[in-house]
Number of protein chains: 2
Amino acid sequence: MNYNKDTSNKILDAATIEFEERGYSGARMQSIADRAGINKALLHYYYKSKDALFQLIIQKAINLFIPNLTKSFNESTDFFAGLEEFVAAYIDFLIKHPRIPGFITHEINNNPERVLKLFKASGLNLEPLKQKIKEAVHSGLIIDIAPGQLIINVISLSAFPFVAAPIITGILLNNDKAAYQQLMEARKKEVSQFIIKAIKK
Amino acid sequence: MNYNKDTSNKILDAATIEFEERGYSGARMQSIADRAGINKALLHYYYKSKDALFQLIIQKAINLFIPNLTKSFNESTDFFAGLEEFVAAYIDFLIKHPRIPGFITHEINNNPERVLKLFKASGLNLEPLKQKIKEAVHSGLIIDIAPGQLIINVISLSAFPFVAAPIITGILLNNDKAAYQQLMEARKKEVSQFIIKAIKK
DNA sequence: GGCAAAGTTAACCAAATAGTTAAATTTAAC
DNA sequence: GTTAAATTTAACTATTTGGTTAACTTTGCC
């Protein structure tokens, strides 16, 4: 069995686009082959099945989506600076991969067991982060807020505008895509400021 | 052509569940028939096609999803009270229809033109709300924030935790579904408080 | 019980889909 | 030019899917 690394990557890139755009059910192997500029037989030569390919793609998406939350905060001596840094980096990442949150949330709602297993396999550990939030509360630095709620708020404000991109663009911005991009860029700072103001004592 | 209203509704309910769970591509007419407790031939007798059925379901979902934003705020003399009222009612609605935001965002990313058309057909007009936010900024009641950004933040904080329900339940709450329900109930108040603190001068 | 309305069955259709296979062709390296 | 590696072609398979149809059965009403 021989593989060309270039071809393999072309397939992965094509499959990423296809699965992100259409989800597992809507994606088509022929379409992936077309996108990759190969024939379907070669696609099956390189990747055993649709399912095998999907597994790789969503695993990668999850590993990209899960920011190293604990690292970002643990390395920052200043709670608020760490938050700002995280939000900016995270939104920046999402600007480059705008479809990932929607892809993941759709698939995890379709097959919770399978996708959650991948989340857990990624080694995500939120306890240090929760602890750090608790300490900030305890020390009087921020208001009394449950760590889980704060984490949810941070991710919601960062990710949902990408999930809802067509609505925002179409309804709020009169189909002005450039305006949408500006809005997202602006959120790198606006979201963290919003959050900090909300929690600062 | 004769129709039994009861049967018609059973089909709509079944289709709602099927489309919300699997999306358009993943939904199966046989599955919808099974859920409704009828045979597939009758399903086609009542609804011409998968597409026709889907159109009805997503139209209804959008009409439910779009809260009457302007009404809620226009009727409230107090900006913050109006915000609190809206958030509580909106999250309450989402608790009852937890899959709607994920359904809509997935489908609108799959077929933006079609779904956006439905949004526009729903008569949503955000200008009065934007105006009200501008006035609150101008009068010094709230910080200087772009109306669009505030609207995005309110909807993000309200809706995304439902889109991300399996992640929150599985990762943050150790698969404790009751805890998830409590968390969502708590958000009726926590979200509005978070927002008000973030924007209040 | 009769009859019309509503629903079911069973078989069917065409198209699409993921996947397969062997032979042929092209590419790349020497 | 030769050869091995990589890719393509063309045809195929089995299954699934949305949709159809006519005959039959069940239900509800009078």
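This one's a predicted model, so the numbers in the text were calculated from it and none came from an experiment. Quick note on labels: first sequence line is chain A, next is B, and so on, each numbered from 1.
- In the set dT8(D), dG18(D), dT7(D), dT7(D) carries the atom at the smallest distance from any side-chain atom of Thr7(A).
- Arg22(A) has its CZ atom 14 Å from the P atom of dA16(C), to the nearest Å.
- Comparing dT8(C), dG19(D), dT21(C) by their nearest atom to the side chain of Ala41(A) picks out dT21(C).
- Using a 4.0 Å heavy-atom cutoff across all strands shown, Ala27(A) reaches sugar-phosphate atoms only and no base atom.
- Closest to the side chain of Lys50(B), out of dT8(D), dA10(C), dG18(D), is dG18(D).
- Distance from the side chain of Ser49(A) is smallest for dG19(C) among the nucleotides dG7(C), dT7(D), dG19(C).
- Lys130(B) has a carboxylate O that lies under 4.0 Å from a charged side-chain N of Glu127(B), or vice versa, which qualifies the two as a salt bridge.
- Put simply, CG on Asp51(A) is 15 Å from C1' on dT17(C), counting in whole angstrom units.
- Ring geometry for Phe65(B) against Phe119(B) counts as perpendicular: the plane angle is over 60°, on a 0 to 90° scale with 30° as the lower cut.
- Distance, Gln30(B) CD to dG18(D) P: 9 Å, rounded to whole Å.
- Both tests pass for Lys50(A) against the ring of Tyr24(A): distance under 6.0 Å to the centre and angle within 45° of the axis.
- Proximity note for Arg28(B) (side chain, C-beta onward) versus dG18(D), dT9(C), dT8(D): the nearest is dG18(D).
- Straight-line distance from the NZ atom of Lys40(B) to the C1' atom of dT8(C): 14 Å, rounded to whole Å.
- Between Lys96(A) and Asp92(A) there is a salt bridge, with a side-chain nitrogen of the basic residue lying less than 4.0 Å from a carboxylate oxygen of the acidic one.
- The distance from atom CD1 of Ile32(B) to atom P of dT16(D) is 18 Å, rounded to the nearest whole Å.
- Residue Phe54(A) contributes atom CZ, which lies 14 Å from atom P of dA18(C) at whole-angstrom precision.
- You'll find that the side chain of Leu42(A) is closest to dT8(D), out of dT20(C), dT9(C), dT8(D).
- The distance between atom OH of Tyr45(B) and atom P of dA5(C), rounded to the nearest whole Å, is 9 Å.
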Item to complete: Carefully, step by step, assess Asn175(B) and Leu116(A) under the rule side-chain contact (heavy atoms from CB on, under 4.5 Å).
Response: CA-CA 10 Å; Asn175(B) 292 311; Leu116(A) 266 178; 4.2 Å; yes
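- Mapping Ile38(B) and Ser25(A) onto DNA chain C by nearest heavy atom places Ile38(B) at the nucleotide closer to the 5' end.
- Side-chain N/O atoms of Asn4(B) include none lying less than 4.0 angstrom from OP1 or OP2 on dA5(C).
- Regarding Lys5(A), its NZ atom lies at a distance of 17 Å from the P atom of dA28(C), rounded to whole Å.
- Within the 4.0 Å cut-off from OP1 or OP2 of dT7(D), at least one side-chain nitrogen or oxygen of Tyr46(A) is found.
- Note on Ala52(A): nothing from the nucleic acid sits closer than 4.0 angstrom, heavy atoms only.
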